[in-house]
Amino acid sequence: MAMPAAIPTTTDRDALELPFEPYRNLPSAELEARIEATRVRLGDELLILGHHYQQDEVIRFADLRGDSYRLSRHAAASVNCRVIVFCGVHFMAETADVLTGPDVDVILPDMAAGCSMADMADLASASDAWSDLADHIDINDVTPVTYINSTAELKAFCGRNEGLVCTSSNARAVLEWSFARRSRVFFFPDQHLGRNTARAMGIGLEEMIVWDPRLPLGGNSAEALRRSRVILWRGHCSVHQMFKPGHVAEFRRRDPEVKVLVHPECMMEVVDIADEVGSTDFIIKTITAAAPGSSWVVGTELHLVNRLAHENPDKQVRFLSPMVCMCATMYRIDLPHLAWSLENAARGTPVNRVRVPAEVAEAARVALRRMLDVK
Ligand code: 13P
Ligand code: SF4
């Protein structure tokens, strides 16, 4: 069997950054031991944040776990550390960079860990849409709201235009804040979270339009724009799109007692018939607090649902879709990338630093701070 190439020791400070390739072939036990040793060595200088969708082998190393809201709060409160290694996706690391001081390095172990939903709304298309809207409605009466699953540039756009960020756990409070100030909301990039939240507030579908950035006026008539209160960007999560009303019906047919618990990124037709809807933190709390013997079917990312099933053997926890719906980009963070990025950070050759340019960060921080201040 071929031996993996030798990896320089973590005391070799003069060398260039350690290359990734040799880590790929190391046995898991060695990677785990090296990760643990580096954590001990860095002590309080290091904070590992982990999103609930991470693989078990990675999430066990997180100092703090959470949904996007909780993780952004943890980042904002992390004043003592020097390095944050973010086991999540790119927009989460960007958010942490925006919310921490300049002497904290935020590291994403694999830069390919993006979010396909965040990629559906770029700054140029959002700015074009904003000026198109201004031709037909009073733009000073529109609050731009971006889901945290978006680029820092889009957050900055919202910050500059009196808008703010929301997450799946505070979307309703953010929309209430927005409607208390202005009469319309432009919601990026997840049409489903926007629609589900607005509907729960009693806003009718006839007052919502979908803005398709590829079409003139987003595919709407000027009259429809004038009638709208909520303008939903045409974006979605490809993982949560996989859950269908038919899956709910099939589980209920087989088990009339089953409770259906879904994330608000699911389509309205699924959310409408679910028993409970909420963020990943909410999903975890709900299952943890459920009565022994109760039966649940959960519509969110596979790794989280499998972990919940494993950690709650006294309840029946099943996955809502017959397909394997996992977030392929969250999955990119693995033991080799975690060990590689940690060892480089420890020897002073940090890799994969996520750095938001100062001007963008300043405006994005305004939008994030507004969100954190919404009660
Ligand atoms: P939460 O904030 O609920 O953890 O959601 C993050 C996410 O990306 C869901 O797809
Ligand atoms: Fe993005 Fe969907 Fe993955 Fe969440 S689950 S990070 S929204 S692609």
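No experiment lies behind these values; they were computed from the predicted model shown. Both ligands and their constituent atoms are indexed starting at 1 by order of listing. Heavy atoms only: backbone and side chains are in, while hydrogens, waters and symmetry mates are out.
- Those atoms of ligand 1 that come under 4.0 Å of a heavy atom in Ser279, given as number and element, are 3 (O).
- Here CG of Leu308 is found 10.0 Å from OG1 of Thr280. Values are rounded to the nearest 0.5 Å.
- Not close to ligand 1: Met117, with no non-hydrogen atom less than 4.0 angstrom away.
- Under a 4.0 angstrom heavy-atom cut-off, Tyr53 registers as being in contact with ligand 1.
- Between Ile231 atom CD1 and Glu207 atom CD the span is 12.0 Å, to the nearest 0.5 Å.
- Of all the listed residues (Glu265, Arg65, Glu301), Glu265 holds the heavy atom that lies closest to atom 7 (C) of ligand 1.
- An N or O contact shorter than 3.5 Å is missing between Thr167 and ligand 1 by distance.
- Listed by number with element, the atoms of ligand 1 under 4.0 Å from a non-hydrogen atom of Asn149 are 7 (C), 8 (O).
- Taking only non-hydrogen atoms, the option from Cys266, Cys237, Ser168 nearest to atom 3 (O) of ligand 1 is Ser168.
- Atom CZ of Phe319 is separated from atom CG of Leu304 by 10.0 Å, given to the nearest 0.5 angstrom.
- In summary, an N, O or S atom of Cys115 is located under 2.8 Å from atom 1 (Fe) of ligand 2.
- Interatomic distance, CG of Asn352 versus CZ of Phe20, reported as 10.0 Å (0.5 Å rounding).
- Taking only nitrogen or oxygen atoms, main chain and side chain alike, Asp67 does not reach within less than 3.5 Å of ligand 1.
- By the 4.0 Å heavy-atom criterion, His52 is excluded from the residues contacting ligand 1.
- Comparing Ser169, Ala118, Ser68, Gly66 by heavy-atom distance to atom 2 (O) of ligand 1, the nearest is Ser68.
- With a 4.0 Å cut-off on non-hydrogen atoms, Glu265 touches ligand 2 through its side chain and not its backbone.
- Looking only at heavy atoms of the protein, atom 2 (Fe) of ligand 2 is closest to Cys237 SG, 2.4 Å.
- Expressed to the nearest 0.5 Å, how far CG of Asn196 lies from CG of Asp272 amounts to 7.0 Å.
- None of the N, O or S atoms belonging to His240 lies under 2.8 Å away from atom 2 (Fe) of ligand 2.
- Those atoms of ligand 2 with a heavy atom of Asn149 less than 4.0 angstrom away are 4 (Fe), 7 (S).
- Considering backbone and side-chain N/O of Tyr69, none are found under 3.5 Å from N/O of ligand 1.
- Between Trp233 and Phe188, the two ring planes are tilted [angle within 30° to 60°].
- Annotation: cation-pi pair Arg254/Phe251 present, NZ/CZ under 6.0 Å from the ring centroid and within 45° of its normal.
- The aromatic rings of His240 and Tyr53 sit tilted relative to each other, their planes meeting at an angle between 30° and 60°.
- Contact between His51 and ligand 2 is absent, with no heavy atom of the residue lying under 4.0 Å from the ligand.
- Shown in contact with His263 at under 4.0 Å from a heavy atom are these atoms of ligand 1, numbered in order with element: 1 (P), 3 (O), 5 (O), 9 (C).
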